[in-house]
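All figures in this text were calculated on a predicted structure; none of them were measured in a lab. Position 1 is the first residue of the sequence; numbering continues from there.
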Amino acid sequence: MQAALTRRPSAAIALADGTVYHGRGYGACGVRDGELVFNTAMTGYQEIMSDPSYAGQIITFTFPHVGNVGTNGLDVEAKVPVARGIVTRTVPTLPSSWRNRDDFSGWLRDNDIVAIGGIDTRQLASLLRDRGAQNAALAHDPRGDIDVDALVDRARSFPGIVGADLVPGVTCARAFDWTEAGWNGHQDYASGSGDGPHVVVVDYGVKRNILRSLSRMGFRITVVPAGTAADDILAKAPDGVLLSNGPGDPAATGRYAVSEIAKLVASGKPVFGICLGHQMLGIALGARTTKMAFGHHGANHPVKDLVTGKVEITSQNHGFAIADEALPENVEVTHRSLFDGTIQGIRLRDRPVFSVQYHPEASPGPTDSHYLFDRFLQIVRRG
């Protein structure tokens, strides 16, 4: 590997407070800055790395064995991954899966993502838990020529996520139709029937498996860019509208998106929001959002459905949440996190509008929340 060119550490990550970790670099070379967060999922690293919601962030994986089954073209959530970098306990071993098409380090290199291994990720995750997500800078140089002072300065100069509209970097350039559905024997994806209701998906950084989940339900799907006006969406005569996940500060993207979302709600069309779409829907309804200390990132987050009393284990990736304070009277909280009590789902009492903070498409899993797509279908059919 490239790191074998020197006995010196070939990578380092610096935090804005001056903390520096040294390790072995892999993936792409160079320096990347971003908000450092931790993810507690035990599987699905390729789906996580390609989730557009990770734009502007460096991901610390708490599970030590990352990259061990390689990568392939089917397990990605976006065409171009936008995460800034990753931190792992070990450097990936040779891939050991029949589905592998490229080793993890090579896939990262091809996608220009810098990685560092050999880090005590349990200690680093504890630091992030206690101090909150940190601005950081990550460097990989095969010869170990790393200017640590400059790296710390780079971390301190990173502007952070608050106030950042990152959606323009991940949304589609133009509208398109989507037909791909669920697995076809784990060899490829089947095509959806497309003979059901028409749904327009507003792409704030939509994950492919959200689109596949809709397609599995029979929806005919049109995906539109984040800046599409409500009038243009309604002109497509949708039976329902989905507001997708995405990265960044919902208040920042909301400067142009919230007014259009409010028009969609006022139209009476069924609306389903996910993650960033959920947060901006909340703002459009009169709520506000707040930055969380370290957010929710993982595939093992318990959420209670306050309507049914059931508990779902969910996949999550967000650093902002809808605040409880001054929540409008016509907004009902439907789900809450059993980790910290934050709002995980809302619905309007007088319109066919609902949303969740977590990722019901389950990519990576678990699949406890797939019922939400069926709920959306039933609401759409009722009109």
Side-chain angles (χ1 to χ4, degrees), residues 51-55 161 165-167 170-171 199-207 209-211 213-214 226 240-255 257-262 264-265 269-292 295-297 301 303-307 312 314-328 330-337 339-349 351-363 368-373 375-376 379:
D51 178 354
S53 298
Y54 274 117
I161 300 297
D165 175 19
L166 301 177
V167 168
V170 297
T171 189
V199 62
V200 170
V201 177
V202 185
D203 178 14
Y204 302 117
V206 68
K207 295 171 71 175
N209 216 42
I210 288 177
L211 301 177
S213 296
L214 292 169
V241 178
L242 185 139
L243 312 172
S244 86
N245 66 292
D249 186 338
T253 305
R255 284 193 288 266
V258 162
S259 60
E260 303 308 314
I261 293 172
L264 293 171
V265 172
K269 295 286 185 181
V271 176
F272 178 17
I274 294 175
C275 197
L276 180 63
H278 155 83
Q279 295 160 3
M280 292 195 297
L281 174 64
I283 297 174
L285 297 176
R288 65 181 183 86
T289 55
T290 59
K291 183 71 165 68
M292 304 173 73
H296 293 157
H297 310 277
H301 289 244
V303 168
K304 185 173 183 178
D305 184 332
L306 303 181
V307 178
E312 307 162 36
T314 66
S315 184
Q316 305 209 12
N317 177 21
H318 62 103
F320 293 81
I322 294 176
D324 274 286
E325 295 78 12
L327 203 64
N330 66 330
V331 175
E332 178 186 358
V333 176
T334 58
H335 298 75
R336 285 196 181 273
S337 167
F339 277 156
D340 57 16
T342 53
I343 293 173
Q344 290 283 311
I346 60 172
R347 70 181 177 188
L348 275 183
R349 301 179 191 275
R351 290 183 184 272
V353 174
F354 73 105
S355 63
V356 291
Q357 179 62 81
Y358 47 98
H359 288 197
E361 85 292 339
S363 188
D368 297 23
S369 306
H370 276 182
Y371 72 91
L372 289 165
F373 293 102
R375 178 177 293 177
F376 184 44
I379 291 173

Student: Could I get the full list of side chain to side chain donor-acceptor pair (under 3.5 Å) partners for D324, not counting sequence neighbours?
Tutor: R336
Student: Within a radius of less than 6.0 Å around NZ of K304, do more than 12 heavy atoms belonging to other residues, nucleotides or ligands occur?
Tutor: no
Student: Out of curiosity, H335 NE2 to T342 OG1, how far, rounded to the nearest 0.5 Å?
Tutor: 13.0 Å
Student: Checking E312 now: which residues fulfil salt bridge (charged side-chain N to carboxylate O under 4.0 Å, His left out) with it, not counting sequence neighbours?
Tutor: none
Student: With sequence neighbours excluded, tell me which residues meet salt bridge (charged side-chain N to carboxylate O under 4.0 Å, His left out) with R288.
Tutor: E325
Student: Quick one: OG1 on T289 to CG on D249, what's the gap to the nearest 0.5 Å?
Tutor: 6.0 Å
Student: Could I get the full list of side-chain contact (heavy atoms from CB on, under 4.5 Å) partners for A55, not counting sequence neighbours?
Tutor: V82, L166, V170, P247
Student: In the structure I gave you, are the side-chain heavy atoms of C275 and N317 within less than 4.5 Å of one another anywhere?
Tutor: no
Student: Please tell me if the side chains of I379 and F354 come closer than 4.5 Å, counting only heavy atoms from C-beta onward.
Tutor: yes
Student: Below 4.5 Å, heavy atoms only, C-beta onward: do V331 and L348 meet side chain to side chain?
Tutor: yes
Student: With sequence neighbours left out, what residues match K269 under side chain to side chain donor-acceptor pair (under 3.5 Å)?
Tutor: none
Student: In the structure I gave you, are the side-chain heavy atoms of Q357 and S337 within less than 4.5 Å of one another anywhere?
Tutor: no
Student: With sequence neighbours excluded, tell me which residues meet ring-ring contact (aromatic ring centres under 6.0 Å, His included) with H296.
Tutor: H301, H318
